[in-house]
Amino acid sequence: MAPKRKAAAATGRPSKRVASGVSTPVSNKDSDGEYGESEELDVDVDQSDIEAKHKYDNAVKKFQPSTYAKDTAYPSGDPASRLFKAKHDFFDEPLKPDHRLRPLWIDRENGRVVLETFSPSFKRAQNFLINIAEPVSRTTNMHEYTITPHSLFAAVSVGLTKDDIIKDLELFSKTKVPENIKQFVHQVTESFGKVRLVLKHNKYFVESNDAKVLQMLLRDEVISQCRVQESDELVTEKAAKKGGLVIPGTKDAAGVREAQANQQPKREDEEDDSEDEFGGREAEKDMEEFLREEEDDDDLDQVHSFEIDGEKIQQVQEHCNVKLNLPLTEEYDFRADEVNANLDIDLRPSVQIRYYQEHALSKMFGNGRARSGIIVLPCGAGKTLVGITAACTVKKSAIILCTSAMSVVQWREEFKKWSNINPEDIAVFTSNEKQKLNHRAGIVICTYSMVSSKEGKRAYDTKQVMDFITGREWGLMVLDEVHVVPAEMFRRVTERVKTHSKLGLTATLLREDDKIKDLNFLIGPKLYEANWLQLSEEGHIARVQCAEVWCPMTTEFYSEYLQAKTTNKRSLLSTMNPRKFQACQFLIDFHERRGDKVIVFSDNVYALEKYATGLRKPYIYGDTGQREREMVLQNFQQNDAVSTIMLSKIGDTSLDLPEATCLIQISSHYGSRRQEAQRLGRILRAKRRNDEGFNAFFYSLVSKDTNEMYYSSKRQAFLVDQGYAFKVITHLNGIDRMPNLAFATQQERMTLLTDVLLASETAAETENIKDDLFGDNYARKKNKGKGGRGGVKRQAGTLSSLAGGEDMAYLEYAKGRNKELAKPRNAFFRKEDRNKERRAKANREMLE
DNA sequence: CATCACGAAA
DNA sequence: ACTCCTTCGTGATG
């Protein structure tokens with residue numbers, strides 16, 4: 001322990017008393033088992049340690065290349081320390097004389113690139129790197145990227161040439177760009193992005209600037225079979241230019257409107273005096289420059305194409321991708337499309353999109369056509385608006401696919417809010433609502449399952465609408481939350497719906513399996529990815545304090561934990577750990593006093609109910625009826641007396657609660673990084689994010705010395721890579737003095753323990769029953785009879801079947817609790833005002 | 001037409 | 001390395 005303490009001190013961080021009541025002894029989460037019980041349990045050390053990352057960051061500030069590589073002061077758990085342990089021959093390269101101005105280190109071994117964020121040319125380098133490399137990790141002072149074939153493909157498909165790439169690599173690199181990296185770029189870009197799939201006048205063309213490539217393709221057996229033979233020659237024409245296309249909601253668009261109003265040409269330099277309110281001016285300029293360069297290139301070029309059979313597109317795409325390693329870029333020349341009716345839609349004049357949204361859209365519409373691809377933005381950063389703006393740019397029929405019926409409705413509302421579309425031109429298509437379009441063009445919003453579920457057993461009107469969707473041509477397809485839907489589903493969707501362009505939207509291109517790669521050729525390359533940390537610094541998404549709270553197991557629980565055979569039982573025991581319960585109680589109380597709105601997440605329904613009823617908080621889970629859900633949510637949003645709600649997995653997606661400012665996790669699913677990110681996303685859009693000194697809070701409650709520790713660190717990996725620092729809290733100061741602390745006596749804890757054991761055994765038994773003839777239905781009906789209606793049904797087989805009487809009692813209670821909320825109270829806005837100042841102050845103190 | 005049970009899928 | 005929760009669409013019911 002001693003060396004680590006020293007390491008923390010060496011960073012020069014002053015040790016401060018944390019006045020908030022949350023104090024954090026020195027801790028290091030890598031050292032798992034080494035923890036001396038006595039050291040962190042009761043001792044209240046006035047020292048905070050914000051994870052290995054910060055030590056690393058501080059060290060980097062004063063770094064010298066020579067000492068950098070051999071610095072071993074940092075524990076192996078550092079997000080980036082692995083970079084410096086392996087052999088690093090790029091340090092042997094002579095540095096360029098002005099290397100201090102250049103922010104890039106390039107590793108010739110693996111195409112890995114490290115970017116210094118404190119460099120003067122950081123922003124430009126970052127814009128460049130986002131185009132050509134995959135972000136691996138972006139911490140405060142150091143960003144890490146990898147150059148992969150795929151990232152290069154994405155680069156080429158947004159219009160960069162290999163010379164651009166190598167030129168800029170050389171520009172930003174501290175050393176000479178290694179020869180093998182150059183060759184790698186050459187090789188890969190040689191084949192990538194050269195060939196495009198274009199839908200023009202209702203016909204599919206394979207198009208390229210390089211006639212030789214097309215001739216090569218035509219010699220291929222599979223491709224030539226898919227060709228529509230009219231003549232042996234390629235069609236050659238002048239390449240399209242960007243000229244004149246403006247994306248709605250941008251300054252350009254405003255300029256054009258103005259110009260039209262005044263009948264005067266827009267002055268080129270008029271923007272110079274208008275400061276960008278989002279601080280992204282520089283990034284924007286780079287982009288404009290980049291676009292201009294690209295136009296120049298296009299001027300010189302001609303395009304060649306040959307037509308292919310519309311029926312065989314998938315075949316051609318797959319063949320080009322897998323066999324020829326020559327992925328087709330999909331582009332839609334929507335302005336030249338006279339076959340499909342135009343849709344009267346535009347952004348409302350007052351709407352201005354943010355710079356990064358514009359940035360993302362420039363990638364999509366960079367050459368005046370709509371490129372298919374994926375845009376990655378954090379939750380709350382306005383993905384919906386990006387989708388809507390894309391629809392407003394294309395101005396053709398568009399189909400929006402969502403994961404749930406709820407977000408379908410949300411999308412419709414957003415369309416009405418941001419655009420001037422005639423509400424009649426929006427049709428919603430879900431199981432309970434089947435609208436039809438009256439005009440030739442319109443927007444259809446529906447769920448994935450509606451479009452992708454198997455044919456056959458369909459209701460009559462469902463089939464009607466499906467026929468409508470499959471029977472026509474769409475200009476744009478927006479795929480919301482692309483990461484949650486499996487590749488197979490996309491395949492079916494893209495097979496059925498004929499669309500000219502596809503836009504995938506997501507917050508995280510992350511899955512625990514490897515299916516995400518399929519998206520690249522089913523939808524397109526990643527066009528843009530925003531930097532979370534940058535967005536939160538700029539106030540577009542909330543600033544978040546993340547903390548992991550370590551709760552020791554009580555002796556009774558721990559000995560049962562050690563004896564437990566099934567993982568199920570183990571996880572239940574660690575979730576139901578009384579100390580964790582107390583920590584949860586304390587944190588809720590603490591944040592409610594500060595005026596925060598708190599959401600507590602639990603994956604385990606049994607634990608959810610126990611916590612919720614024990615702490616007297618309303619809660620929602622899968623079986624909760626629709627009306628009750630709305631009631632609870634509405635109260636959370638409007639009723640000042642309800643500051644905390646508890647949610648199961650239901651809250652992970654599709655619930656939009658901008659009121660929430662604090663989030664507590666008591667149990668979570670294994671190592672799902674996506675879930676963690678999504679939950680964090682719940683509070684990123686906090687309404688009050690722009691208040692002075694405002695912070696959102698994200699707590700993970702972890703039972704010490706259990707599996708939760710392992711999973712928790714796995715789950716955090718993503719957020720740490722995005723630049724979030726996790727504070728480790730081992731003792732909540734003041735918790736001992738808290739009145740009415742739950743499970744304070746041995747007696748209570750034992751009762752809880754027997755309850756938990758009973759529940760886990762019952763769950764196991766039900767599993768067995770399930771194998772029997774009675775099956776799941778048996779358990780369901782049994783619970784049904786007892787619980788009755790009101791949506792407070794019991795999960796099959798937990799507790800309820802054995803602990804009858806008690807169960808009934810708290811059922812009644814739970815019903816009553818939620819009923820109480822029915823009449824919302826008013827006059828709560830006043831209180832919020834009073835809280836504001838206090839919160840800002842408390843926030844400052846809370847923060848180191 | 002609002003609500004519930006069922007089966008499927010992930 | 002490990003299991004469940006949830007959600008959706010459909011059809012039945014008063």
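First the proteins, then the strands, lettered A, B, ... as listed; each starts at 1.
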Distance, rounded to the nearest Å, where A:His483 contributes NE2 and B:dA10 contributes P = 15 Å
Quick one: is C:dT7 close enough that its OP1 or OP2 comes under 4.0 Å of any side-chain N or O from A:Thr403?
-> no
Classify the angle between the aromatic ring planes of A:Phe581 and A:Phe743 as parallel (below 30°), tilted (30 to 60°) or perpendicular (above 60°).
-> perpendicular
Could you check how far CG of A:Asp603 sits from C1' of C:dT6, rounded to whole Å?
-> 11 Å
Assert: residue with more 5' nearest nucleotide on DNA chain C, out of A:Gly622 and A:Lys434, is A:Gly622
May I ask you to evaluate whether A:Thr447 reaches the phosphate of C:dT7, defined as a side-chain N or O under 4.0 Å from OP1 or OP2?
-> no
A:Asp480 CG to C:dT7 C1', straight-line distance once rounded to whole Å | 16 Å
In whole angstroms, the gap separating P of C:dT7 from CD1 of A:Ile650 amounts to 4 Å
Contact under 4.0 Å: A:Ser431 side-chain N or O vs C:dT10 OP1/OP2 | no
Check the distance between C:dG9's C1' and A:Glu433's CD and give it to me in whole angstrom.
-> 15 Å
Counting side-chain heavy atoms from C-beta on, which of C:dT7, C:dC4, C:dT10 comes nearest to A:Arg629?
-> C:dT7
Of A:Arg679, A:Gln716, A:Glu548, A:Gln665, the one forming a side-chain hydrogen bond (donor to acceptor under 3.5 Å, both in side chains) with A:Ser700 is A:Gln665
5' priority, DNA chain C, between A:Thr430 and A:Ile620 [closest heavy atom] = A:Ile620
Going by the angle between their ring planes, with limits at 30° and 60°, are A:Trp411 and A:Phe415 parallel, tilted or perpendicular?
-> tilted
Minimal heavy-atom distance between A:Phe468 and A:Leu437, with the atoms involved, is CZ-CD1, 3.8 Å
Nucleotide C:dC8, atom C1' - distance to OH of A:Tyr448 in whole Å | 15 Å
Taking all atoms of both residues into account, what is the closest heavy-atom pair of A:Glu424 and A:Asn438, and its distance?
-> OE1-ND2, 3.8 Å
When the distance from OH of A:Tyr621 to C1' of C:dC4 is rounded to whole Å, what number comes out?
-> 14 Å
Starting from P on C:dC4, measure out to OH on A:Tyr606 and report it in whole angstrom.
-> 17 Å
For C:dT6, take OP1 and OP2 only and decide whether either is under 4.0 Å from a side-chain N or O of A:Ser648.
-> yes
